[in-house]
Amino acid sequence: MRIKLKTDGDIIVEATPDIGYVHRGCEKIAESRNIIKNIPMLERPNIADSSHLNWSYIAPIEKLQRVEVPERGLHIRTMLCEINRIASHLYGMAIMGGIFSGHTTMYMFGFGDRELLLDLHEMLTGARMTFSFFVPGGVRRDLPKGFVEKLAQTLDYIERHLSAIDRVFVSNPLFVERARGVGILSKDDAIKLGVVGPVLRASGVACDVRRDAPYGVYDRVDFEVPSFKEGDSLSRWLVRFEEMKQSISILRQLMRDIPKGPIARKSPLIVPRGEAIGRVESSRGEINHYVVGDGGDKPFRVKMSTGSFKNLAALPFLLKGVRIGDMPIIYGSLDYWPVEADR
Amino acid sequence: MSATPSSPEQDIVVAIKEQLGSAVENVTALDKGRISVIARKEVARDVAVLLQRFGLDHTLAVSGVDHPWENHLDVVYFLSSYSHDNLKHVVVLLKIHLERENPSLPSLTPIWESANLFERETYEMFGVNFEGHPNLQKLLLQDNWDGPPPLKKDLKIPELA
Amino acid sequence: MSTDPSKESQSSSPPEEMSQPPGIWVGSLRDLVERVVGSAPLKYLVNWSRLYSLWPVHLTTACCSAEFGAMMGPRYDPERYGMQAVVGSMRQSDLLIIEGTVTKKMLKRIKVIWEQMPNPKYAIAMGDCACSGGLFHDSYSIINDIEKAIPIDIYVPGCPPRPEALLNGIIKLREKIRREEVYPK
């Protein structure tokens, strides 16, 4: 993506984002392939957080086919999504705290810890980032032997390391002075612009699809939705930090009692006539898929609405009137993923 | 799985019907948490203002759906609410039928600022002209695109074997 | 061929071939430098210095960049190979890694970046989409064959290729650089 700036000395007067450099026409291609072949293609837009895109595409198809996923399948889906959420937040924080503020420390912290979570992904699904693990009716493979023990060890390590990141980075005046009070988004502006995800929760609106419209097994676990009132870049960073701790707590609750039973139910290979919407909370915001079916095995229309595209509206608004030196921090705090916005 | 007569969705359907009066053709509950409102193009702006007063304060997406065999092109607005607790789990689909040749519609950006970029994308992908949009320009396609709007069914890409 | 030095200096023909031991030799300074540096042992010294400090341009094209980022991380550590990624400008780098799908809108900018990089420069096509179109080969907005715009040295297939696969590609590129001519004709 490209940002065109008009400046008056050091102050930005107007900012225009120019996107479309990764527009690959996913929605058009999806109309010409059958629903199972669409799964790997439609999870590539956000490769670091692909399980949420996968779930949001599968959910409306299951609604139209009237197939219910068994309990064990839902449980495994939720576990994979939460591990993926922690990995994706580490990526986002590594990029913002590392590349955009000029330190490589946070980059190495983030990517080093991420590798342990990618090992867990590989143990469960066979791939590091692009799983194609959810199918209409359930999941493709069962939990392997030793997975729960390895997950417990990894979560303990990540929790210890998060407190190290807290001491080294979050309380570090070098970082705090760059991010505090920079790029403030008020509550009314956040609702008006329709932003989603951590950007919304940092501005005082504690809305999260996992709490408001629960899917999977989120209605059976206890977790908080962190939100801050200030709405600046530091709060957006801290929301992600707190969400990682909440994800660790959700995973610990899910590990305790995994239900037994089948992991998937048979589902027909067609999309019945009708339309349905999927709503899923990914690490960058809410993802919606709108699927219209016409009775064949290819969807008639797939519309994807991703978190980064919705948050793009906030970028020109936040960049007006700030100094050029603050621009990387504001852009990094929105955690914009260009491939997801362009599809 | 349609909503039963006494479910929360039916309450919302009744409340929306009261609010909108005779301006709409059809308000139905599709599924748990999904309500569909079909409106005519001429009253689209008034319906939008009334829905905003009802409590739906942002758009989740704006999409077009091309039906060449039924000879119409739909523009669908997906609406939800952050500020009203009883509407947080609900998605309202506002559907407007347009003709396929030179479709045009008054823009709803003055009412929901969050629809701005989505309307630009629908203009580019379907050729729908949103009258009154502040900045109706290309967003995603390359600078020298000269074909038909890509997402209309006129543009065919080869199907996989 | 006579080896009489006085006869060589009187003729106005171009300098002798490399196989002749240089006695008195007439030619431009540039030809002299190319001849001395382009043959052993200096040739191996120059190639060694190039392959041990490949600096990549930070061009994030599409989703393979997540694996490129992972390769730059602590587990795979490319800094032991001399790849330092925190360079701001493309005028100071010599490796262009095209990660992921190349759209028509992006191709113009990739060409501009390629032309701004100083010689010697190398290009790696990473991922199935850069090699041949990949998953999105039938899309209306992508380029399937980048070879028409930029000469590619190494193709690394995969969707996305593991960081080890990309490192393998870089090692093969280093082998290629070790053997190449310093001043290609």
Side-chain angles (χ1 to χ4, degrees), chain A residues 16-25 27-29 31-34 37 60 63-64 66 187-196 200 205-209 211-214 274-277 279 286-290 292 294 298 300-306 309-310 312-313 317 341-343, chain B residues 1 30-34 36 57-67 69 74 76 78-83 85-93 95 111-118 120-122 124-125 135 137-143 145 149-153 155-160:
Chain A
T16 319
D18 177 21
I19 66 174
Y21 291 91
V22 206
H23 175 67
R24 307 186 274 202
E27 299 179 3
K28 184 75 182 180
I29 298 178
E31 294 174 10
S32 70
R33 295 186 190 172
N34 98 40
K37 292 186 186 172
K63 263 195 223 170
L64 289 173
R66 299 189 197 293
K187 184 170 171 173
D188 294 326
D189 286 329
I191 297 182
K192 190 179 81 156
L193 291 170
V195 295
V196 287
L200 179 71
V205 185
C207 285
D208 188 330
V209 180
R211 159 71 37 87
D212 304 328
E275 58 192 357
I277 303 173
R279 279 182 97 176
E286 180 182 336
I287 295 187
N288 304 100
H289 272 71
Y290 172 61
V292 178
D294 62 351
K298 304 184 171 61
F300 185 75
R301 167 94 174 103
V302 176
K303 162 77 184 163
M304 291 165 58
S305 167
T306 50
F309 192 71
K310 293 176 196 163
L312 183 60
F317 181 80
D342 292 347
R343 284 153 282 138
Chain B
M1 183 178 111
L30 290 174
D31 198 350
K32 183 160 170 281
R34 312 282 182 253
S36 148
D57 49 22
H58 69 283
T59 55
L60 297 176
V62 179
S63 157
V65 186
D66 189 22
H67 293 273
W69 297 281
D74 294 345
V76 188
F78 301 84
L79 310 162
S80 182
S81 172
Y82 283 142
S83 27
D85 281 335
N86 59 336
L87 291 176
K88 275 184 184 173
H89 70 286
V90 165
V91 179
V92 174
L93 285 83
K95 283 199 234 193
I111 301 159
W112 291 298
E113 178 66 35
S114 39
N116 192 329
L117 283 174
F118 286 107
R120 253 176 95 175
E121 193 200 336
T122 312
E124 189 183 30
M125 295 287 158
N135 184 16
Q137 280 178 27
K138 270 218 268 274
L139 189 66
L140 296 172
L141 291 174
Q142 77 222 48
D143 309 321
W145 174 264
L151 277 174
K152 277 177 96 155
K153 300 284 184 186
L155 183 78
K156 295 206 190 310
I157 58 176
E159 296 193 1
L160 287 186

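In what follows, every chain begins at residue 1, and chains take the letters A, B, ... in the order their sequences are listed.
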Pi-cation contact, B:Phe118 with A:Lys310 (under 6.0 Å, within 45°): no
Option that, when pairs with chain B are counted at under 4.5 Å, heavy atom only, ranks first among A:Asp212, A:Asp342, A:Val209, A:Asp294: A:Asp212
Option in A:Pro214, A:Ala206, A:Gly194 with maximal non-hydrogen atom pairs under 4.5 Å from chain B: A:Gly194
Quick one: does [X]'s side chain get under 4.5 Å of [Y]'s, heavy atoms only?
X	Y	answer
A:Asn288	B:Val91	no
A:Val196	B:Tyr82	yes
B:Val65	A:Lys303	no
B:Leu139	A:His23	no

Exercise: identify the closest heavy-atom pair between B:Leu151 and A:Glu31: CD2-OE2, 4.2 Å
Minimum-distance pair of heavy atoms, taken over all atoms of A:Ala313 and B:Leu117: N-CD1, 3.9 Å
CD-CG distance between B:Glu113 and A:Leu193, expressed to the nearest 0.5 angstrom: 6.0 Å
Point-to-point distance, once rounded to the nearest 0.5 Å, from NZ of A:Lys28 to CG of B:Leu155: 5.0 Å
Set of residues satisfying side chain to side chain contact (heavy atoms under 4.5 Å, CB included) with respect to A:Asp18, sequence neighbours excluded: A:Arg2, A:Lys4, A:Tyr21, C:Lys105
Non-neighbouring partners of B:Lys152 that pass side chain to side chain contact (heavy atoms under 4.5 Å, CB included), sequence neighbours left out: B:Asp66, B:Leu73, B:Arg100, B:Phe126, B:Pro149, B:Asp154
Measuring heavy-atom distances to chain A, does [X] have an atom under 4.5 Å in its side chain, in its backbone, in both, or in neither?
X	answer
B:Glu121	side chain
B:Phe78	side chain
B:Leu93	side chain
B:Asp57	both
B:Ser80	side chain
B:Val76	side chain

Sort [X] into side chain, backbone, both or neither according to what part of it lies under 4.5 angstrom from a heavy atom of chain B.
X	value
A:Lys187	neither
A:Leu200	side chain
A:Arg343	side chain

Under-4.0 Å salt bridge between B:Arg34 and A:Glu275: no
Exam field: side chain A:Arg301 to backbone B:His67, donor-acceptor pair closer than 3.5 Å: no
